[in-house]
Amino acid sequence: MNSAPEQHAEEAPVRFLRRLVTTLTITMIAGLVVLIALFVIRFPLTSRTSPALPSEITLPDGVSARAVTFGPDWYAVVTTDERILIFGLDGTLRQDIAVK
């Protein structure tokens, strides 16, 4: 016999699923574009300028640096003997903090 009516009955759910998948694909692509745009806006590719530091840092005898961090008008050196030395931008020692 003729099977045309059965095929016609199945076209509606298939058409609905095809539209649903297409809509979800477009939504996912739009979301990905928005995420990429937010990353570009929030994390600019240009590097920020580093603070001006003296060309040489003089540490006390027998002390070596483990880490350095910067502030607006100071920089700090964490030493291997568990101290934090805070220097002014001109290289003068402002504060010596013992870490225990």
Side-chain angles (χ1 to χ4, degrees):
M1 299 217 198
N2 192 358
S3 63
E6 291 176 13
Q7 289 178 354
H8 183 64
E10 289 183 15
E11 284 184 17
V14 171
R15 192 174 334 133
F16 171 72
L17 287 174
R18 187 178 311 133
R19 288 180 182 162
L20 183 65
V21 168
T22 303
T23 303
L24 290 173
T25 302
I26 291 170
T27 303
M28 287 177 55
I29 291 171
L32 186 63
V33 168
V34 167
L35 283 176
I36 291 171
L38 286 174
F39 275 119
V40 169
I41 291 169
R42 298 293 268 167
F43 304 113
L45 298 177
T46 58
S47 63
R48 298 177 186 234
T49 58
S50 60
L53 295 175
S55 59
E56 189 175 291
I57 299 172
T58 306
L59 297 175
D61 291 336
V63 174
S64 60
R66 179 178 290 171
V68 177
T69 188
F70 307 100
D73 62 343
W74 55 268
Y75 59 93
V77 178
V78 180
T79 63
T80 55
D81 63 348
E82 299 184 4
R83 291 190 301 167
I84 300 173
L85 305 173
I86 300 176
F87 293 91
L89 289 180
D90 58 355
T92 59
L93 180 63
R94 286 188 183 177
Q95 195 172 5
D96 185 349
I97 303 169
V99 180
K100 295 182 183 181

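Position 1 is the first residue of the sequence; numbering continues from there. Side chains included, hydrogens not; waters and symmetry mates left out as well; all remaining heavy atoms used.
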S.K.: Side-chain heavy atoms under 4.5 angstrom apart, residues restricted to Ile, Leu, Val, Met, Phe, Trp, Tyr: same cluster for Val68 and Phe87?
M.R.: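 The answer is yes; both residues are in one hydrophobic cluster.
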S.K.: Side chains of residues 92-100: which donor-acceptor partners sit under 3.5 Å, not counting sequence neighbours?
M.R.:
unit_1	atom_1	unit_2	atom_2	d
Thr92	OG1	Asp90	OD1	2.9
Arg94	NH2	Asp73	O	3.1
Asp96	OD2	Arg83	NH1	2.8

S.K.: Nearest 0.5 Å, please: how far is OG1 in Thr25 from CG in Leu20?
M.R.: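 Between atom CG of Leu20 and atom OG1 of Thr25 there are 9.0 Å.
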S.K.: Taking salt bridge (Lys or Arg N to Asp or Glu O under 4.0 Å) as the cut-off, I'd like each qualifying pair that reaches into residues 53-68, sequence neighbours left out, listed once.
M.R.: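 Residue pairs passing salt bridge (Lys or Arg N to Asp or Glu O under 4.0 Å), neighbours aside: none found.
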S.K.: Is there a side-chain contact between Leu85 and Tyr75 (heavy atoms, below 4.5 Å)?
M.R.: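 Not touching, per the 4.5 Å side-chain cut-off.
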S.K.: I want to check something: taking the side chain as every heavy atom from C-beta on, are Leu89 and Phe70 in contact at a cut-off of under 4.5 Å?
M.R.: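 Side chain of Leu89 against side chain of Phe70, heavy atoms only: no contact under 4.5 Å found.
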S.K.: Heavy atoms only: give me the nearest Ala65-Leu59 pair and the separation to one decimal.
M.R.: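 The pair with the smallest heavy-atom distance is N-CD1, 4.0 Å.
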